[in-house]
Amino acid sequence: MKDLLKLYLVTDRELSRGRSLEEVVSDAVAGGVTMVQLREKEASTGEFVDLAMRIKEILRPSGVPLIINDRVDVALAVDAEGVHIGQSDMPYEMARRLLGPDKIIGLSVENMDDLIRANDLDVDYVGISPVYGTPTKTDTAEPFGLEGLKEAVKLSIHPTVAIGGMNKYTAEDVMSAGCDGIAVVSAISSAEYIKEASSELKSIVDINSRESWCQQIWRASNRIYSKIKELEFIIGLSDGSLDMEIFSRYIGQDEIYLGQYYRNMFALADMMDDESDKQLFLSFAQSGMEGEKAMHELLIEKYGMDMNVKASAITTGYNDLIQNAINTGNKYYALAVMLPCMWIYNRIGLHILKIAQLDNNPYKEWILEYGNEEFSTGVNRVLEIIDAWADEADEETVKEMNRLYLHAALYEYAFWDYAYYGDAKSYEYTESLEGWI
């Protein structure tokens, strides 16, 4: 799918300078367009179907997929390869039932909330829309901008295509941000020489195409993250129904775990070559200890929690995994194994904030601690650091980074699972990543 998204033409007859749609599409495909979306907001159903049939015949020899904008009925009528739907169009689940499992369905996301919801859907790609403001589509939301795009592609588990303001001047930055492709309207349809304009854009996309380590590992760990969101602990925490004894067990284990985690954070800071990076991790360690200690003390006193507990096998196993990576003295391994505690906690915190009932919720302090903007900003900076490191690392190092991150992510799941069930169940699943990745 990612290769199909690289240079994605969205048609607009009004911008084609009097040329036929067939001519525009033929020249665009000859120049390197990898997917074509037929967008016809004003056409009647009959006219739309007729156009779609003609364009499909043009695309057939090249194998370039035809995607129909909005209209599932038209896609079915011409047996197009798929549809692209927006937030106000037919719901994804209904479109999937009608089209079947093999057709492509793309979904526009207009903000981070849309994107987070899309992660729960089995769409084939998401269109991040708009990245920049554009005169070709005025009924859009606030633009993501380049920084918003970077955050979106890191967060998405699906392939991403950037929409809005895509041209030869913006394509390099967009692709370097990690997008899988660009969706182009006027930069192709209005070009004097369509084939040459398409070829130039395709070259820019190919040269700057990259999947960052964070994108790859987030998608690889999606099953774990999705299962965390389904845990009884997370659901009960969100609506405030979680039994206080269960939460107390969680806080007790968290006290033990975090004591060692922040000592290792200081050790990680000492591995930094860059002074600003070192100060960032020192700040994480110091502010994390102080903030979480204060939050824990508040909750312990408020609810009379008993902290006279021993480390569970899960807490011990997780701490040992991190400690062993720290002991190698390898900064790549150390940050990879420590990252899930920051990244997944932050994303789960943001997820809970979206669904939580905070009024009279006894766990409000915990929810606000992990979903706050300052924490999110710090985590995003860490993601930039590890992406840069992974770019310069050799294959074996990246492979071990992947293993450590994924195993630590599984321990994140087990930590909350243990908090809910205690010693009443087995946690042997932490011994292997089989079935999780």
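Every value quoted in this text rests on a predicted model; they were computed, and no experiment measured them. No hydrogens, no waters, no symmetry mates; every other heavy atom, side chains included, goes into these values.
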NZ/NE/NH1/NH2 to OD/OE distance under 4.0 Å, Glu151 and Arg347:
yes
Please tell me if the side chains of Phe247 and Ile251 come closer than 4.5 Å, counting only heavy atoms from C-beta onward.
yes
May I ask you to say whether Arg96 pairs ionically with Asp122, meaning some side-chain N is under 4.0 Å from a carboxylate O?
no
Do Val109 and Ser129 come within less than 4.5 Å of each other through their side chains, counting heavy atoms only?
no
Arg219 versus Lys2, closest heavy-atom pair with distance
NH1-CD, 4.0 Å
Any donor-acceptor N or O pair under 3.5 Å, side chains Ser189, Ser186
no
Nearest-0.5 Å distance that lies between atom OG in Ser209 and atom NZ in Lys6
4.5 Å
Between Glu384 and Arg381, is there a salt bridge with N-O shorter than 4.0 Å?
yes
What I'd like to find out is whether the side chain of Trp389 reaches to under 4.5 Å of the side chain of Trp213, using heavy atoms alone.
no
Test your reading of the model: is there a side-chain donor-acceptor pair from Arg223 to the backbone of Ile437, 3.5 Å cut-off?
no
So how far is it from Tyr225 OH to Glu230 CD, rounded to the nearest 0.5 Å?
11.5 Å
Please determine whether side chain to side chain contact (heavy atoms under 4.5 Å, CB included) holds for the pair Tyr345 and Val379, giving the CA-CA distance in whole Å, both sets of side-chain angles, and the decisive distance to 0.1 Å.
CA-CA 10 Å; Tyr345 254 75; Val379 169; over 6 Å; no
Around Glu434, counting heavy atoms of other residues, nucleotides and ligands shown, do more than 12 lie under 6.0 Å from its CD?
no
Is there a donor-acceptor pair closer than 3.5 Å between any side-chain N or O of His158 and the backbone N or O of Leu121?
yes
Could you tell me whether Tyr413 and Tyr429 have their ring centroids closer than 6.0 angstrom?
yes
Calculate, to the nearest 0.5 Å, the distance between atoms CD and CG belonging to Gln37 and Asp12 respectively.
11.0 Å
State, yes or no, whether a side-chain contact exists between Asp254 and Phe415 at a heavy-atom distance under 4.5 Å.
yes
Is it true that a side-chain atom of Asn119 and a backbone atom of Leu155 form a donor plus acceptor pair closer than 3.5 Å?
yes
Does Asp359 come within less than 4.0 Å of Lys364, counting only side-chain N to carboxylate O?
no
Hey, do the aromatic rings of Tyr420 and Phe233 have their centres closer than 6.0 Å?
no
Residue pair Asn380 / Lys154, side-chain donor-acceptor N/O under 3.5 Å:
no
With side chain to side chain contact (heavy atoms under 4.5 Å, CB included) as the test, would you mind laying out the steps for Leu282 and Gln279 before giving the verdict?
CA-CA 5 Å; Leu282 287 175; Gln279 291 303 317; 3.9 Å; yes
Can you see which heavy atom on Ser198 is nearest to which on Gly32, and at what distance?
CB-N, 4.5 Å
Return yes when atom NZ of Lys227 has more than 12 non-hydrogen atoms of other residues, nucleotides or ligands closer than 6.0 Å, and no otherwise.
no
Quick check: closest heavy atoms across Leu201 and Ala187, and the distance to 0.1 Å?
CD1-CB, 4.3 Å
Just wondering, do Leu38 and Phe48 contact through their side chains at under 4.5 Å, heavy atoms?
yes
When rounded to the nearest 0.5 angstrom, what is the spacing between CD1 in Ile256 and CG in Asn319?
9.0 Å
With the side chain counted from C-beta on, respond yes when Lys229 and Ile348 share a heavy-atom pair under 4.5 Å apart, and no when they do not.
yes
Main chain of Ala267, side chain of Asn264: is a donor-acceptor contact present, judged purely on distance under 3.5 Å?
no
Quick one: does any side-chain atom of Thr397 pair with a main-chain N or O of Ala393 as donor and acceptor, under 3.5 Å?
no
Please determine, by modelled atom types, if Ser176 and Asp173 share a side-chain donor-acceptor pair under 3.5 angstrom.
no
Are any non-hydrogen side-chain atoms of Pro65 and Leu4 less than 4.5 angstrom apart?
yes
Ion pair present between Arg117 and Asp113, side-chain N to carboxylate O less than 4.0 angstrom?
no
I would like to know whether Glu412 and Tyr318 meet side chain to side chain donor-acceptor pair (under 3.5 Å); could you show each step before the answer?
CA-CA 8 Å; Glu412 285 292 316; Tyr318 196 2; 2.5 Å; yes
For Gln215 versus Arg210, what's the shortest heavy-atom pair and its separation?
OE1-O, 3.9 Å
Strictly below 4.0 Å, N to O, side chains only: are Asp273 and Lys278 in salt-bridge contact?
no
Would you call Arg39 and Asp70 a salt bridge, taking side-chain N to carboxylate O under 4.0 Å as the test?
no
Take Trp343 and Val382 through the side chain to side chain contact (heavy atoms under 4.5 Å, CB included) test and state the conclusion after the steps.
CA-CA 9 Å; Trp343 196 5; Val382 174; over 6 Å; no
May I ask you to check whether Gln253 and Thr315 show a side-chain donor-acceptor distance below 3.5 Å?
yes
Over 60° means perpendicular and under 30° means parallel, so classify the ring planes of Tyr8 and His84, tilted if in between.
perpendicular
Could you tell me the separation between the CG atom of Leu107 and the CD1 atom of Ile128, rounded to the nearest 0.5 Å?
11.0 Å
Apply side chain to side chain donor-acceptor pair (under 3.5 Å) to Gln260 and Gln323, showing your working.
CA-CA 8 Å; Gln260 184 168 329; Gln323 190 64 59; 3.2 Å; yes
Looking at Met244, I want to see if its CE is surrounded by more than 12 non-hydrogen atoms of other residues, nucleotides or ligands under 6.0 Å.
yes
So does Arg71 pair up with Asp89, basic N to acidic O under 4.0 Å?
no
Taking atom CD of Glu392 as the centre, report whether more than 12 heavy atoms of other residues, nucleotides or ligands fall under 6.0 Å from it.
yes
Evaluate Leu335 against Met271 for side chain to side chain contact (heavy atoms under 4.5 Å, CB included), listing each step before the verdict.
CA-CA 10 Å; Leu335 183 50; Met271 298 179 192; over 6 Å; no
Identify whether the distance between the nearest side-chain nitrogen and carboxylate oxygen of Asp79 and Lys103 falls below 4.0 Å.
yes
Which atoms form the tightest heavy-atom contact between Ala311 and Thr316, and what is the distance?
CB-OG1, 3.6 Å
Calculate, to the nearest 0.5 Å, the distance between atoms CG and CG belonging to Leu339 and Asn346 respectively.
10.5 Å
Within the supplied structure, the quantity of interest is the number of heavy atoms (other residues, nucleotides, ligands) at a distance under 6.0 Å from Lys425 NZ; does it exceed 12?
yes
Ala177 and Leu146 have their tightest heavy-atom pair at CB-CD1, 4.2 Å
Heavy atoms, side chains only, cut-off 4.5 Å: are Thr430 and Ile314 in contact?
yes
Taking everything shown except Asn360 itself, do over 12 heavy atoms lie less than 6.0 Å from its CG?
no
Examine distances only and state if a side-chain atom of Asn361 and a backbone atom of Leu237 form a donor-acceptor pair shorter than 3.5 Å.
yes
